[in-house]
Peer 1: 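Before I ask anything, let me first share the structure, which is written out below as structure tokens.
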Amino acid sequence: MAVLETIPTQLPLQVSSSFLDTSTIIALAVFFALLCACIIIGHLLEEKRWANESITALLLGLCAGLVVLLLSKFQSSRLLLFDEDLFFLYLLPPIIFNAGFQVKKKQFFKNFTIILLFGVLGTVISFCLISLGAFLLFRRIGILTLKVDDFLAVGAILSATDSVCTLQVLSQDETPFLYSVVFGEGVVNDATSIVLFNAVQSLDLSDIDAITALKLLGTFLYLFFTSTALGIVVGLMSAYIIKSLYFGRHSTDREVALMMLMAYLSYMLAELLNLSGILTIFFCGIVMSHYTWHNITQSSRITTKHAFATISFIAETFIFLYVGMDALDIDKWKSSNSGAGTSIAVSSTLFALVLIGRAAFVFPLANIRNCLQTSDSTKIDFPRQFIMWWAGLMRGAVTIALSYSKFAESKKVSTQDSALMITSTIIVVLFSTLVFGSITKPLIQAVMLRNAKPATSDATDIPSLEDIRLLFIENGDDQSEQERDEETSGVPKRSSLRLLMSHPTTTVHYFWRKFDDKFMRPVFGGRGFVPFVPGSPSGQAHETS
């Protein structure tokens, strides 16, 4: 995806400037034209429930790849050479950052326990089942050169869900619970999959014991918490700098530029320190939306909101467009040198393992959580469990990037089997995105929204701050009310610890808001204490406080 490669066709095109490469201009012109076509077609299909930009870009990429293949007379047809470094360093960061910047924080942190449960434990379960299934089944198909570390790598590669496509097939407004859980799990899942992939690459499989497993667990916990902390620190630094120096009095451009550069800097620092850049930039986006965004001028707020969304949209479209074109790269298919039966068998096996691996943790973990919930409204019913299973089956560019990283230049695996693994991974990605991506929206309409019950509405959010305050007053947390109750009745009230056990989400949110209002916002800025009035300009409360 990074290195431009000459098209082996005779095109009657002359370039006057000798320092410009003809193949570079052709490749970029084709991709810009296809990006424009994706935007136009996506607009025309906006009302179609089965269509979104991801599917449009994939189909256009397939069509463009077919055209290039015909023009080259079925020779090498690559316009761009896939490079996982470009994907992870330039295309993925703006997508994940914008997701963190735009996510509804109340809904996300309300479901943070479920997100961690699915994103970490669920990914490990899926990783184990896919690795074991590939090890048992591939030898029967005839794949004999793969070693144990290769099967473990396959498990990590196919455990990575497509959080990018989730953004387009799920609505944050119509299904906030599903969106926050599936997308949040996708972000944590991608980070977990990459950690597992890197661990497998460096693991000495000749000497595995309980100590090695504990070291792997400790490494993951270290990466998770340090990556998250780094994103929070950089986000707070940006808020403090912009609040203290007030760039907007001279130039709003500097405010916007500083936000963009510091967000990207957090990702680069994470990669430099061998941490998870995905988690870092995601939490940096959350912190910036909570503090930094309220410290900049009104015009800068509008600019940053649309600029981040636009860059993310272009990156998403480019990724799926390229995946579609790369699927018809004739060189990979020639290198695999496998018959149609073998290719279909490997792809079907991988996809079946993906289905089983996800079902093995979504339904059991969801039901275990339901057993621990006392209120029916907080339980995850079967329709939502099914959608969570279904929407998480899509595989995307992260899967392809890891597959290239493992098998493109592998010296331990034969060239034929390496190419077969890459092409089979591409088939799984294309099939899962086109089929599951197109059916998810109608499926939600049929399963969820039409049969939704008011009592268990998916849009139920965290109680208001006033409701939380009253809950604590009733339980004696408010000091003045507590003193008055003790004077009249002498009955001790329940402690905050008991409230934390009985109402964990409400209690944590209550104490966080008190801490945020008293210590964080005076230092780092953010929305003021005056309640936000619906319909008023964004940030009016902050400017009048």
Side-chain angles (χ1 to χ4, degrees), residues 1 54 82 84-85 87-89 91-93 95-96 99 115-116 118-131 133-134 150-167 169 181-201 220 223-224 227 271 275-282 315-316 319-320 323 326 347 350-362 388-408 421-422 424-433 436-437:
M1 198 189 293
S54 299
F82 191 94
E84 62 272 11
D85 289 339
F87 167 74
F88 282 114
L89 295 180
L91 294 177
L92 190 59
I95 298 173
I96 302 300
I115 291 171
L116 285 182
F118 283 13
V120 178
L121 182 58
T123 304
V124 172
I125 294 174
S126 177
F127 161 75
C128 294
L129 288 177
I130 294 175
S131 300
D150 299 317
F151 291 114
L152 293 175
V154 169
I157 290 169
L158 291 175
S159 294
T161 60
D162 185 13
S163 55
V164 176
C165 197
T166 303
L167 294 172
V169 300
V181 171
V182 176
F183 171 71
E185 177 227 331
V187 174
V188 179
N189 167 281
D190 287 344
T192 306
S193 299
I194 294 172
V195 170
L196 288 173
F197 180 82
N198 293 331
V200 167
Q201 299 296 94
F220 171 77
L223 291 176
F224 182 86
S227 301
E271 294 299 321
L275 303 177
S276 172
I278 294 177
L279 284 176
T280 297
I281 200 168
F282 179 73
E316 291 172 16
I319 288 173
F320 286 102
V323 168
D326 187 65
S347 302
L350 291 176
F351 190 70
L353 291 174
V354 169
L355 294 175
I356 297 172
R358 183 158 184 84
F361 75 84
V362 169
M388 291 163 63
W389 171 75
W390 181 278
L393 293 174
M394 290 175 285
R395 297 297 181 264
V398 173
T399 300
I400 293 181
L402 292 178
S403 181
Y404 269 96
S405 178
K406 175 61 182 177
F407 296 106
M421 294 307 301
I422 294 176
S424 299
T425 302
I426 291 176
I427 290 174
V428 171
V429 169
L430 288 176
F431 183 82
S432 63
T433 302
F436 292 95

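Note: hydrogens, waters and symmetry copies are ignored here, and every other heavy atom, side chains too, is used.
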Peer 1: Quick one: which of Val195, Leu116, Thr192 gives a side-chain contact (heavy atoms from CB on, under 4.5 Å) with Phe224?
Peer 2: Leu116
Peer 1: Test your reading of the model: is there a side-chain donor-acceptor pair from Thr425 to the backbone of Ile400, 3.5 Å cut-off?
Peer 2: no
Peer 1: Could you pull out all residues at least two apart from Ser131 that satisfy side chain to side chain donor-acceptor pair (under 3.5 Å)?
Peer 2: none
Peer 1: Say you draw a straight line from CG of Leu92 to CD1 of Ile278; how long is it, rounded to the nearest 0.5 Å?
Peer 2: 5.0 Å
Peer 1: Relative to each other, are the rings of Phe436 and Phe351 parallel, tilted or perpendicular (30° and 60° limits)?
Peer 2: tilted
Peer 1: Listed by chain and number, what are the side chain to side chain contact (heavy atoms under 4.5 Å, CB included) partners of Leu430, not counting sequence neighbours?
Peer 2: Leu58, Leu62, Val323, Ala327, Ile426
Peer 1: Is there side-chain contact between Cys128 and Val124, with heavy atoms separated by less than 4.5 Å?
Peer 2: yes
Peer 1: Please round to the nearest 0.5 Å and tell me the distance separating atom CD1 of Ile157 and atom CE of Met421.
Peer 2: 7.0 Å
Peer 1: Kindly indicate whether the side chain of Phe87, heavy atoms from C-beta on, has any atom under 4.5 Å from the side chain of Val398.
Peer 2: yes
Peer 1: Please name the pair of heavy atoms, one in Leu279 and one in Ser227, separated by the smallest distance, quoted to 0.1 Å.
Peer 2: CB-CB, 4.1 Å
Peer 1: Please round to the nearest 0.5 Å and tell me the distance separating atom CG of Leu393 and atom OG1 of Thr161.
Peer 2: 10.0 Å
Peer 1: Could I get the full list of salt bridge (Lys or Arg N to Asp or Glu O under 4.0 Å) partners for Arg358, not counting sequence neighbours?
Peer 2: Glu185
Peer 1: To the nearest 0.5 Å, tell me how far Glu271 CD sits from Ile281 CD1.
Peer 2: 10.0 Å
Peer 1: The test is ring-ring contact (aromatic ring centres under 6.0 Å, His included); show your working for Phe88 and Tyr404 and say whether it passes.
Peer 2: CA-CA 12 Å; Phe88 282 114; Tyr404 269 96; over 10 Å; no
Peer 1: In Å and rounded to the nearest 0.5 Å, what is the OG to CG distance from Ser403 to Leu158?
Peer 2: 8.0 Å
Peer 1: Determine, stepwise, if the pair Ile115 / Val187 fulfils side chain to side chain contact (heavy atoms under 4.5 Å, CB included).
Peer 2: CA-CA 9 Å; Ile115 291 171; Val187 174; over 6 Å; no
Peer 1: About how many Å separate CZ of Phe183 and CG of Asn189, when rounded to the nearest 0.5 Å?
Peer 2: 11.5 Å
Peer 1: Would Ile130 and Ser159 count as a side chain to side chain contact (heavy atoms under 4.5 Å, CB included) here? Give the steps.
Peer 2: CA-CA 8 Å; Ile130 294 175; Ser159 294; 4.0 Å; yes
Peer 1: Between Val429 and Phe320, does the side chain to side chain contact (heavy atoms under 4.5 Å, CB included) criterion hold? Intermediate values first, please.
Peer 2: CA-CA 10 Å; Val429 169; Phe320 286 102; over 6 Å; no
